[in-house]
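In what follows, chains are A, B, ... by sequence order, proteins preceding strands, each numbered from 1.
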There are 2 protein chains.
Amino acid sequence: MRASVPITVSGLKTACSQCNLVELCLPFGMSDSELSRLDELVGARRKVKRQQNLYRAGDPFEAIYAIRAGSFKTDVLLEDGRDQVTGFQMTGEILGLDGISTETHSCNAIALEDSEVCVIPYAKLEELSHEVEGLQHQFHKVMSREIVRDHGVMMLLGSMRAEERLAAFLLNMSQRFTARGFSAAEFHLRMTREEIGSYLGLKLETVSRAFSRFQEEGLIAVQQKHIRLLDTAGLRKLIQHQTAGSGR
Amino acid sequence: MRASVPITVSGLKTACSQCNLVELCLPFGMSDSELSRLDELVGARRKVKRQQNLYRAGDPFEAIYAIRAGSFKTDVLLEDGRDQVTGFQMTGEILGLDGISTETHSCNAIALEDSEVCVIPYAKLEELSHEVEGLQHQFHKVMSREIVRDHGVMMLLGSMRAEERLAAFLLNMSQRFTARGFSAAEFHLRMTREEIGSYLGLKLETVSRAFSRFQEEGLIAVQQKHIRLLDTAGLRKLIQHQTAGSGR
DNA sequence: CATGGCCGTTGATCCACGTCAACCAAAAAT
DNA sequence: ATTTTTGGTTGACGTGGATCAACGGCCATG
């Protein structure tokens, strides 16, 4: 069945059922018949070049986006110019959920490399959710996962030290690369030290120093944006009992 | 019509349509006919005494909760004992959304005072969402609002200084009290300095000192947990251009 | 293959907040 | 009413990470 469908431009256009990202994306866990209905959902694809915005804070909310290729960052900015990266997103992850509440996007989504997204018109999603059993549930799970992730970041920002934050970040990246079939131990970061710092609530110099320290200690090998994890157990230990031995 | 309905125990039991919190809670924006259907939704009420858990991290997820009276905090804990308050919730706000993603709660919800919640069985919510037009949309908005709120906290934790964080916290509390018909300028905090500190990523001593400083500067009047805001414009200014004048 | 603009690294210094400790007020327990 | 406990304030001091500054290696562009 599957092999008999030739890969054509129109075939590529919107088929969730043909997409190799199903297991990471919105359609996860849905039945074949449900999946085929999903193909109606994705309106179009949209390419976003490196450094370009997928959407901006203040833009009217119309659709959510599934990342088909590439990666993004989201950030919020204060009037005084300060900004904070609120997340990095990889293939299969969903962007734009922040817009539902006020019908206006509340953050900026910027491509870290040339990327492509599937546009999922929100009105159509709500409509189809009424009919397709699994879709509603899956969508709720995606939103809930985002909330849980954010709580994790709050924990990191509120109660971890610089090196712990970076270790947690690296382990998280590794785990997400693994889920996408890439090496768990060796990967290429698409973001700058400054962006990592912003996400982790640190200055870029502190991030750089922490990388160097990890390298000295044999935990990782760093070469610019190329990272090799040499001792993941060591990184994990670093997070857990930084305060160990002091009895508090 | 409304006056003719006697307030009985059974009448009190589950009626969203009779509840004075509709405008803050899940039913917001729904039509009268939709509202009446919602009354099927709320299974029961549950009282939670001060310091008791509504649910714990690891508990199986079965329902979300709308706060009818009182207030809560949610927190996450790391294996090494560190914990982080991820939010404070007031009447009309929804608790438990974190549980949807893994079908297990990922944080603890603890009452800050003797409280009462409406139990909303999640399976029933999903079911009813298929039928009641506005419910699904409103639920999505509630989840999205939580995501936006979390981004705000990340901004606060990642790029604000101690006094800015506390000012933002006080203004946020004020705004939420106002929405509930209480004074914007004078209120009683239900949480300790330590809990505020945990939420803001600060130690309790730092919170206490910031309170004292605000008082010295005539921005607020503090008497233990009782707070009076004397200069909200001043507090707002404090957040915006802390860095002003330095040209960066 | 040269040149200019990022991006990352590293060092020296500073300061905001954490830590440690003493003390006091309020509330709870007896 | 008295003791105990819990929560809050304040001071002295230490430190992790910010700030300021210099430099070096990439990568893009002509």
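When the C1' atom of D:dC27 is taken as reference, atom CD of A:Gln223 falls 15 Å away, rounded to whole Å. Across the protein-nucleic acid pair, A:Glu113 atom CD and D:dA28 atom P stand 14 Å apart, rounded to whole Å. Taking atom NE2 of B:His226 as the reference point, atom P of C:dA26 lies 14 Å away to the nearest angstrom. Remark: P of C:dC17 and CG of A:Leu157 are 15 Å apart, rounded to the nearest angstrom. Between the P atom of D:dT15 and the CD atom of A:Glu163 lies a distance of 16 Å, rounded to the nearest Å.
Atom CD of B:Gln52 is surrounded by more than 12 heavy atoms from other residues, nucleotides or ligands within 6.0 Å. Counted within 6.0 Å of CD on A:Glu186, heavy atoms from surrounding residues, nucleotides or ligands total more than 12; the atom is thus considered enclosed. Atom CD of A:Glu113 has more than 12 heavy atoms from other residues, nucleotides or ligands within 6.0 Å.
The side-chain hydrogen bond (donor to acceptor under 3.5 Å, both in side chains) test with B:Thr91 singles out one residue from B:Glu116, B:Arg68, B:Arg180, B:Arg176, and that residue is B:Arg180. Each of A:Glu93, A:Arg190, A:Gln89 was scored for a side-chain contact (heavy atoms from CB on, under 4.5 Å) with A:Ser71, with one residue passing: A:Arg190.
A heavy-atom distance below 4.5 Å is found between the side chains of B:Leu95 and B:Tyr55.
Residue contacts shown for A:Glu205 include a base, since a base heavy atom lies under 4.0 Å away. A:Leu202 comes within contact range of the sugar-phosphate backbone alone, with a heavy-atom separation under 4.0 Å but no base atom that close.
Across residues 208-221 of chain B, B:Ser208, B:Arg209, B:Ser212 each have a non-hydrogen atom less than 4.0 Å from an atom of DNA chain D (numbered order). Within a heavy-atom distance below 4.0 Å of DNA chain D, the residues of residues 188-199 of chain B found are B:Thr192, B:Arg193.
Distances shown here put a side-chain N or O of B:Thr206 below 4.0 Å from the OP1 or OP2 atom of C:dG18. An OP1 or OP2 oxygen of D:dT19 is reached within less than 4.0 angstrom by a side-chain nitrogen or oxygen of A:Lys203.
Aromatic ring centroids of B:Phe187 and B:Phe182 lie 6.0 Å or more apart.
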